[in-house]
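Contents: one structure, followed by commentary.
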There are 2 protein chains.
Amino acid sequence: MPAPRANMSYRDIKQVVLDRIQNRIWAPDSLLPSETELAVEFSSTRTTVNRALRELAEEGYLERKRKAGTRVLNSPVRKAQFSIPLVRDEIAETGAAYRYSLVESRIMPAPAWLSSRLDILQKQEVLHLRCMHYADNAPFQYEVRWVVTESIPEVLDADFTESGPNDWLVQKVPFTNLELSFMATKADQTVSEFLDAPLGDPVFTAERITWLRNKPVTLAKLFFAPGYKMTTHL
Amino acid sequence: MPAPRANMSYRDIKQVVLDRIQNRIWAPDSLLPSETELAVEFSSTRTTVNRALRELAEEGYLERKRKAGTRVLNSPVRKAQFSIPLVRDEIAETGAAYRYSLVESRIMPAPAWLSSRLDILQKQEVLHLRCMHYADNAPFQYEVRWVVTESIPEVLDADFTESGPNDWLVQKVPFTNLELSFMATKADQTVSEFLDAPLGDPVFTAERITWLRNKPVTLAKLFFAPGYKMTTHL
DNA sequence: TAGTGGTCTAGACCACCCG
DNA sequence: GGGTGGTCTAGACCACTAT
C-alpha cells in the first residue's frame, strides 16, 4: 500500500484513500478527516484532496455532505457503465463483417400502445422501419423502429436502404434524453425467422426511447440473436 | 440558450457548451477553441473552463488531446449508468415486502466450468448457495452462487439462513473488480419451479463475478421472474 | 518545437446543514 | 453558529503530441 509522501498527485491520493477503505482502515459508515486535515497529511493542498475525494464519491465509494463531512459508504453503489455502441461498431469490434439490410419502411398512424408509450397523440404520423444487422452474414440483430415524423420531418427524405436509421439519427439528431431497457422476450414468428432462432426461444431484447428537448423522437426495439450476452467490467 | 456573461460557474459553462454542441454551432468532429480562449469569452479562468470541458468529455460528448485540442465527438458514446442495487433495495423501492429464503448450502469441489471461468484450480473448494428472493411473496429472483472459500474463509462461518450472501459479501468483502453480464436464458426445470414460470420460457439473467485483489471471490447467477425489465434513464 | 490540455498551488468566499 | 465541502481565482510548471 502506498504511503503518504510529498508531491502526491490527486491520483496518488485517490489510491491511498481507496486502499484505506478497502483495508477497513476507514471502515464503512465512518467519517474521514476533513479535506484540510488530509491536505496536511498528504503535504498537498485542499484543492487536490478535494478532487481525489470528489472523484471517489462519483465512483460510489464515499458520500460527502457539507458540514457533515465525508463518509465511507457501507455498500458501495457501484455503477455499471455500459457504453451503447452502434451495432455497426459492436460488430466491427469482433472482427466480423457488418452487413445491413432494410426489411420494411412505411408511414403509418401511431398504434395506440405507441402513442401512450411516447405520450403523443393517437394516430400521429410515424415512420415505421424494420431492418436487419448481420455479422459475417449471420443474423445479429433485428431492429424494429418507429420515428415520430413531426419531431424530425427530415426523416421522410432520408434513405435507409443503404444504412440504418440508427446511423442517420445519431448524425442528425442530438438527442437530449434517453430511456434504455433490457429484458428477455420470447421469439415470435417474425423474430424467429429473422434471427434464425427456434420459435418461442428466449431473445435478449433492448428497448430504447429517445427525446429531443422533451419531444419524443424514436422508439426502437432491438432483438439480439440467440447467445447474445451483454458484458461490462468495472 | 444561456448567453455567456460574467461570473459563470463551471456548470453554466457546461450548459452553454452542451447547447452549442446540440445546436450544431460546434458541429461533430469540429475543434473547440482552446481553454484559454474560452476562459476569455466566458470571463472566467482556465481552471473553471477546464472542469466544464473535462466533465463533458467524461460524459462522452468531447474528446480531448494535448496539443490537438478539444473535439466534438460525432456519435456521442453515451454511457448508460446502471446502479446495481441489492435485491432487497430493489424490491423495497417498489414498495413491496422483501422476503428471503435459503434453498441450499453446501461445500463442494468446483466443477470444471467454474474453475475455468474463475481461473482457479480444478476441484478447489467452493461454497455453493441457492436462494430465493420474494417481493410480496411472489418470486422475484432465484440466485445461484459459488463462493471461493480460499479467497474468503470467513464465509464458512457465516449464516445464510436469515439473509442472503449478497448482503453478507457486500458488508464483508470490499471487492475491487467486477464483471457483469446480462442475457436471456431458457427456464430449466429448477428455475421454472422457483420462479413459477413455464418451462422453457425466457428468463432475464444476470451473471456477476467479483474479485478481491485479482483473486476471484464469487460468481452469482441471478434469474429474474418473468416480466422483469431493467431500465435506465440518462 | 510550439501549442494544448493536465495538474498543482495558495488563497479566498460562500452555501449548506448538523448540532 | 460554526465547520465542512463547493467552487472560483490567478498563476505556474509540466507532459504530451501534432506538425
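By convention in this document, chain letters (A, B, ...) are assigned in the order of the sequence lines, proteins followed by strands, and residues within each chain are numbered from 1. Everything quoted here is computed from the prediction, not taken from an experiment.
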Integer-rounded Å distance: D:dT4 P and A:L53 CG
13 Å
Residues that B:S105 engages under side-chain contact (heavy atoms from CB on, under 4.5 Å), provided they are two or more places apart
B:L102, B:L127, B:L129
Whole-Å distance separating the CG atom of B:L56 from the P atom of C:dG6
13 Å
Other residues, nucleotides, ligands: >12 heavy atoms within 6.0 Å of A:E154 CD
yes
For B:T70, the side-chain contact (heavy atoms from CB on, under 4.5 Å) test, sequence neighbours excluded, returns B:L32, B:L53, B:L62, B:R64
To the nearest angstrom, how far is A:N50 atom CG from C:dT7 atom P?
14 Å
Hydrogens and angles aside, do A:R71 and A:S30 bring a side-chain donor and acceptor to less than 3.5 Å of each other?
no
So, is B:Y10 near the phosphate of D:dT7, with a side-chain N or O under 4.0 Å from OP1 or OP2?
yes
Quickly work out the A:R64 CZ to D:dG3 C1' distance and round it to whole Å.
14 Å
Under 3.5 Å, is there a donor on one side chain and an acceptor on the other for A:Y142 and A:R130?
yes
Taking A:Q15 for the side chain and A:D12 for the main chain, is one N or O donor matched with an acceptor at less than 3.5 Å?
no
Under 3.5 Å, N/O pairs linking protein and nucleotides 9-13 of chain C:
unit_1, atom_1, unit_2, atom_2, d
C:dT9, OP2, A:S44, OG, 3.1
C:dT9, OP2, A:T45, N, 3.3
C:dT9, OP2, A:T45, OG1, 3.1
C:dT9, OP2, A:T48, OG1, 2.9
C:dA10, N6, A:T47, OG1, 3.2
C:dA12, N6, A:R46, NH2, 3.2

Partner set under side chain to side chain donor-acceptor pair (under 3.5 Å) for B:S181, not counting sequence neighbours
A:T231
Holding to ring pair (Phe, Tyr, Trp, His ring centres under 6.0 Å), I want the full list of residues that pass it with B:Y134, two or more places apart in sequence or in another chain.
none
Return the orientation label for the B:H133 and B:Y98 ring planes: parallel under 30°, perpendicular over 60°, tilted otherwise.
parallel
If you assign B:R54 and B:E37 each to the DNA chain C nucleotide with the nearest heavy atom, which residue ends up on the more 5' nucleotide?
B:E37
How many whole angstroms separate atom CZ of A:R11 from atom C1' of C:dC8?
13 Å
Whole angstrom value for the distance that separates C1' of D:dG5 from CD of A:E63
13 Å
Provide, to the nearest angstrom, the distance between the CG atom belonging to A:L38 and the C1' atom belonging to D:dG5.
12 Å
Anything under 3.5 Å between a protein N or O and an N or O of nucleotides 14-19 of chain C, put it in a table, one pair a line.
unit_1, atom_1, unit_2, atom_2, d
C:dA15, N3, A:R66, NE, 3.1

Under 4.0 angstrom, heavy atoms only, what part of the nucleic acid is A:T70 near: base, sugar-phosphate, or nothing?
sugar-phosphate
Atom CD of B:E55 and atom P of C:dG6: how far apart are they, to the nearest Å?
13 Å
